[in-house]
Amino acid sequence: VDAGASIGDITLNLTEVFPNSVIHAFEPFPEFFKILNEKSEINKRIIPYSCALSDSDGVGFLNINKSEDTNSLLNSDVHESNPHSNLLETKETTAVETKTLDQIFPDETIDLLKLDLQGGEFNALQGAINLINDQRIKCIICEVIFDKIYKYQKNASELLSFLENKDYKILNFYQNHYHLGKLLQADIILYHKSISSDIDKLKKNKFLPFSKYLKRKWVE
């Protein structure tokens, strides 16, 4: 599942990395969804959804911001100390359908859930509580915001505590973003403890000990 798929670049990458997969891609912003949908017409393993993931099924209001990559169901928290303030100014809002993962996948297992929802990640996880409790989400890639960017966003410690209490283990952080030396946000990779043995084998086979480097890259 690629939630916050934007124009589908990462979605396409996922189809290449996982050649036997089907990618369910969610994007509520109409202009982005149009491009995503065009890619799905070429690559039939991409299933597009023109809606936003949240903690309930219904209607929400998407804030379309000056930087459309920051669009969110949450209102922007614009203040002088926020380094993103000029990008977070809301130009308009549009009504969008909201859905929960529990409703869409009542019986399925999700191998990888990628969340890039601009502060809405916690709500989307709440909407997947049955999947999570049934251990039917194996791995998660989630954007974590360490700075106050959106109103009512859950802070990083709340988000990570929730996942750790649900038996997810942190593998690594990547794509760290800083401002004047301060960590603003990063993507985090987590896996459920039920697949720990498989992950441990992969780590030993792929990575050098006490290093972030892949064995293959090191040899090259």
Side-chain angles (χ1 to χ4, degrees), residues 1-27 32 35-36 39-40 42-48 53 69-70 101 105 108-119 121-122 124-125 128 131-132 135-147 156-157 159-220:
V1 171
D2 184 358
S6 186
I7 61 174
D9 287 343
I10 291 177
T11 313
L12 279 176
N13 288 339
L14 290 172
T15 64
E16 295 172 1
V17 173
F18 303 104
N20 297 319
S21 66
V22 173
I23 313 297
H24 297 260
F26 295 80
E27 177 51 53
F32 286 171
I35 300 172
L36 172 66
K39 291 178 179 176
S40 74
I42 298 171
N43 188 326
K44 298 301 182 182
R45 291 196 290 117
I46 298 173
I47 301 176
L53 290 182
D69 288 333
T70 70
L101 284 173
F105 303 110
E108 294 83 354
T109 293
I110 297 172
D111 293 304
L112 174 64
L113 171 61
K114 171 241 168 188
L115 296 172
D116 185 357
L117 302 179
Q118 299 304 307
E121 291 80 10
F122 188 88
L125 290 168
L131 281 156
I132 291 171
Q135 301 180 16
R136 289 187 287 121
I137 299 178
K138 300 304 181 182
C139 297
I140 298 173
I141 298 177
C142 184
E143 183 177 75
V144 179
I145 300 174
F146 296 93
D147 199 31
S157 60
L159 177 62
L160 295 178
S161 292
F162 169 78
L163 290 170
E164 289 177 345
N165 288 334
K166 294 298 182 180
D167 293 324
Y168 285 92
K169 298 183 177 183
I170 296 173
L171 178 65
N172 210 338
F173 287 87
Y174 75 107
Q175 293 196 154
N176 301 338
H177 295 277
Y178 299 90
H179 180 255
L180 299 177
K182 179 183 178 182
L183 180 63
L184 297 182
Q185 64 186 56
D187 290 332
I188 186 170
I189 306 173
L190 308 102
Y191 60 93
H192 193 268
K193 74 172 186 179
S194 62
I195 61 169
S196 291
S197 59
D198 294 329
I199 295 296
D200 288 342
K201 289 177 183 177
L202 286 171
K203 289 190 294 183
K204 290 177 181 178
N205 291 335
K206 297 292 185 181
F207 289 90
L208 293 170
F210 305 106
S211 173
K212 67 179 181 180
Y213 294 106
L214 290 166
K215 289 180 179 179
R216 178 176 55 81
K217 287 187 176 180
W218 184 264
V219 171
E220 291 174 352

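Everything quoted here is computed from the prediction, not taken from an experiment.
Between the side chain of Q135 and the backbone N or O of I132 there is no donor-acceptor pair closer than 3.5 Å.
Here the closest non-hydrogen pair linking E143 and Q185 is OE2-NE2, 3.0 Å. Taking every heavy atom of both residues into account, E108 and L131 meet most closely at O-CD2, 3.4 Å. For the pair K138 and S194, the tightest heavy-atom approach, listed with the atom from each and the gap, is NZ-OG, 3.7 Å. Pairing each heavy atom of E27 with each of A5, the nearest pair is OE1-N, 3.6 Å. Here the closest non-hydrogen pair linking S196 and K169 is OG-NZ, 3.4 Å. The two residues L160 and V144 make their nearest non-hydrogen contact at CD2-CG2, 4.3 Å.
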Margin query: Let's go through I188 and L159 carefully: what are the C-alpha distance in whole Å and the side-chain angles of both, what is the deciding distance for side chain to side chain contact (heavy atoms under 4.5 Å, CB included) to 0.1 Å, and is it a yes or a no?
Written below: CA-CA 11 Å; I188 186 170; L159 177 62; over 6 Å; no
Next item on the list: Could you give me the CA-CA distance, side-chain angles and deciding distance for T11 and S40, then say whether side chain to side chain contact (heavy atoms under 4.5 Å, CB included) is met?
Entry: CA-CA 9 Å; T11 313; S40 74; over 6 Å; no
Next item on the list: Mind running side chain to side chain contact (heavy atoms under 4.5 Å, CB included) on L190 and E164 for me, showing each step along the way?
Entry: CA-CA 9 Å; L190 308 102; E164 289 177 345; 5.5 Å; no
Check: After noting the C-alpha distance and the side-chain angles of F26 and L117, does the key distance pass the side chain to side chain contact (heavy atoms under 4.5 Å, CB included) rule?
Finding: CA-CA 10 Å; F26 295 80; L117 302 179; over 6 Å; no
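Between D147 and K182, the closest side-chain pair of non-hydrogen atoms falls below 4.5 Å. You'll find the side chain of K39 reaches within 4.5 Å of the side chain of I7, heavy atoms only. The shortest distance between side-chain heavy atoms of Y178 and L184 does not fall below 4.5 Å. Side-chain contact check for L171 versus K203: some heavy-atom pair is nearer than 4.5 Å. Taking 4.5 Å as the limit, some side-chain heavy atom of L113 sits within range of a side-chain heavy atom of L125.
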Acceptor/donor pairs from residues 14-24 side chains to any protein atom, 3.5 angstrom cut, sequence neighbours excluded:
| residue | atom | partner | partner atom | Å |
| --- | --- | --- | --- | --- |
| T15 | OG1 | L12 | O | 2.5 |
| T15 | OG1 | N43 | ND2 | 3.4 |
| S21 | OG | F18 | O | 2.6 |
| S21 | OG | R45 | NH1 | 3.4 |
| H24 | ND1 | Y49 | OH | 2.7 |

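Taken to the nearest 0.5 Å, the CG atom of D187 stands 10.0 Å off from the CZ atom of F173. To the nearest 0.5 Å, atom SG of residue C142 and atom CG of residue D116 are 8.5 Å apart. Atom CD1 of I140 sits about 11.5 Å away from atom CD of E121, to the nearest 0.5 Å. Between D2 atom CG and I46 atom CD1 the span is 9.0 Å, to the nearest 0.5 Å. Atom NZ of K166 sits about 12.0 Å away from atom NZ of K193, to the nearest 0.5 Å.
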